[in-house]
Amino acid sequence: MKDNTNLICSLTSPDAAAMRRDMDDAARHGADVVEMRLDFLAAAPGRDDLRMLLARPRPPVIVTFRPRREGGRYDGDESARLHTLQLAADAGAEWLDVEQDVPPSARPRGAKLILSHHDFEKCPGDLDETFAALRCEKPDVAKVAFAAAGPQDALRALDAIRAAPSSTVALAMGEAGVLSRVLAAKCGAFGTFAALARGAESAPGQPTLQEMRSLYRWADLRPATAVFGVVGCPVAHSMSPAIHNAAFSAAGVDGVYLPLLVQPGPAAFGRLMDGMLARPWLGWRGLSVTIPHKENALAYVGAGRCDELARRIGAINTITIGPNGELRGDNTDYAAAMDALCAGLAESGALSQDIRGDTPRLRHDLLAGKPVALLGAGGAARAILAALRHYGADVTVYNRTFDRAAKLAEEFSARAAGADRLAALDQEIVVNCTSVGMHPHVDQSPLPAIPPAVRVVFDTIYNPVETRLLRQARAAGCTCISGLEMFVNQGVAQFEIWTGRAAPRDVMRRVVMQRLL
Ligand code: NAP
């Protein structure tokens, strides 16, 4: 970091008294600076309001009174707006944020100047020129905030901070821009903005103060901090940032893990990867990959740099980036599923005396010859079928769309059956890879009832932790395995691939449970 980057809490309170309370709250919760967004107040503040708001003791304050033309809420008279900003400077505000289009002669004086430019449509074509135009006017801080089309725009914001000769804020707004907000600290920005609470954001994509500090490990970010993330679309619901950041904290790993919203398609995926690899100074070390990019990831990394089963599955969920940009691809989904299944079988005792007491991972081969009914023929089914067949299980694929089941089964030398055969299935082990029963359709089950031959049911769904299918199975006396185990296992495997250390499994499991229950 060039200097300490300020964690700035934007206050969007509806009245002056609430803003004062929120300021005290923000300071208590670790904000270095607060930004008072006067345009969010129901009525423009007068001299007395500003004196009350700026009375000490308090943290350092930026006062912003953003007009509609620059994405704010104020649509009144311009000279009244500038007069209010002048009153704020007179009352002791440390900084005023003033828009670039305000003529220098009309700008309030008496506080440090943050000169800002906003683009709510796109990243300016030439960001360097945009900054150069701001710096010509010699502000104390030059600030550009723009809408991000993808994480590659957020990387451009970081380039601008890194290249800046003086105090700078460069923010990519929107969900795709989160990395510019968090990694601003690695690049030495003047500051980054956070909301006091969810729903109180002053700009799209703004994390909360709490997320910055506890989820994204703000206090621990250093220039050398390794960067990881999950690539997907959608990605906001992903629990991976919570799991991996908690694991980094618990294990003392100098790393941070971010959500990366990348639109579907190989081109968008390639843009992110090219952008990351072109910036080795950011310290990218690994990516989790989720829907719809697992196949794109394998294609980008190259089959020759992926493990054998991942090649057969045609998808990877893990990319490791070496110090010189060398890539490796892994699929931790299938091993995670096999570990969960074998641990469940070992626990059950009744079915599998032969694998009780052994490390599940070492005993995958004991799946050989076991009769398995695999429900579903999508991405998860494909990975699990490949692994089950690899270890010699005798698998029948059941799917609503029979043709998909038939095609998948043929590829891996398994059998196929239509959904009409589900009620009569006669395998001992059932693995559900359909999305039937997943939140919010928690009252649905892929099986009308548990057939008598079934002894073990593994539902890959992890939200909810106990699905209707698992409740049916428990009532029928079966051994039940939740998708939660698979989900934790795949994260544990990623952590171990990236760090070479044993993962704090209990911490990771607890984080998932806290989010799901
Ligand atoms: P996918 O590719 O979209 O496949 C969905 C499958 O569900 C297809 O076979 C589809 O049948 C079937 N299906 C969907 N709605 C159905 C309905 N109403 N009735 C009958 N069948 C239906 O999804 P995916 O990526 O394979 O994910 C499937 C499940 O695996 C998800 O629930 C997910 O939670 C779980 N999963 C868990 C983990 C973990 O770590 N625990 C990891 C990955 C996935 P058709 O072919 O007929 O459309």
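Nothing here was measured: the structure is a model prediction, and the numbers come from that model. In listed order, ligands and their atoms are each counted from 1.
In Arg421, the CZ atom is not crowded: 12 or fewer heavy atoms of neighbouring residues, nucleotides or ligands sit closer than 6.0 Å.
With sequence neighbours excluded, no residue satisfies salt bridge (charged side-chain N to carboxylate O under 4.0 Å, His left out) with Arg468. Listed by chain and residue number, nothing satisfies the ring pair (Phe, Tyr, Trp, His ring centres under 6.0 Å) test with Phe458 (two or more places apart in sequence, or in another chain). Here Asp119 pairs with Glu121, Lys122, Phe146 under the side-chain contact (heavy atoms from CB on, under 4.5 Å) rule; sequence neighbours left out.
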Ligand 1 N/O to protein N/O, distances under 3.5 Å:
| from | atom 1 | to | atom 2 | distance (Å) |
| --- | --- | --- | --- | --- |
| ligand 1 | 2 (O) | Gly379 | N | 3.0 |
| ligand 1 | 7 (O) | Ser435 | N | 3.4 |
| ligand 1 | 9 (O) | Ala377 | N | 2.8 |
| ligand 1 | 9 (O) | Asn399 | OD1 | 2.8 |
| ligand 1 | 11 (O) | Asn399 | OD1 | 3.2 |
| ligand 1 | 18 (N) | Arg400 | NH1 | 3.4 |
| ligand 1 | 26 (O) | Gly379 | N | 3.0 |
| ligand 1 | 26 (O) | Ala380 | N | 2.8 |
| ligand 1 | 30 (O) | Thr460 | OG1 | 3.3 |
| ligand 1 | 41 (N) | Thr460 | O | 2.8 |
| ligand 1 | 41 (N) | Gly483 | O | 3.0 |
| ligand 1 | 46 (O) | Asn399 | ND2 | 2.8 |
| ligand 1 | 46 (O) | Arg404 | NH1 | 2.7 |
| ligand 1 | 47 (O) | Arg400 | NE | 3.0 |
| ligand 1 | 47 (O) | Thr401 | N | 3.1 |
| ligand 1 | 47 (O) | Thr401 | OG1 | 2.5 |
| ligand 1 | 48 (O) | Arg400 | NH2 | 2.9 |

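A donor-acceptor pair under 3.5 Å links the side-chain atoms of Asn432 to the main chain of Thr434, judged by distance alone.
Below 30°, between 30° and 60°, or above 60°: for His118 and Phe120 the angle between ring planes is below 30°, a parallel geometry.
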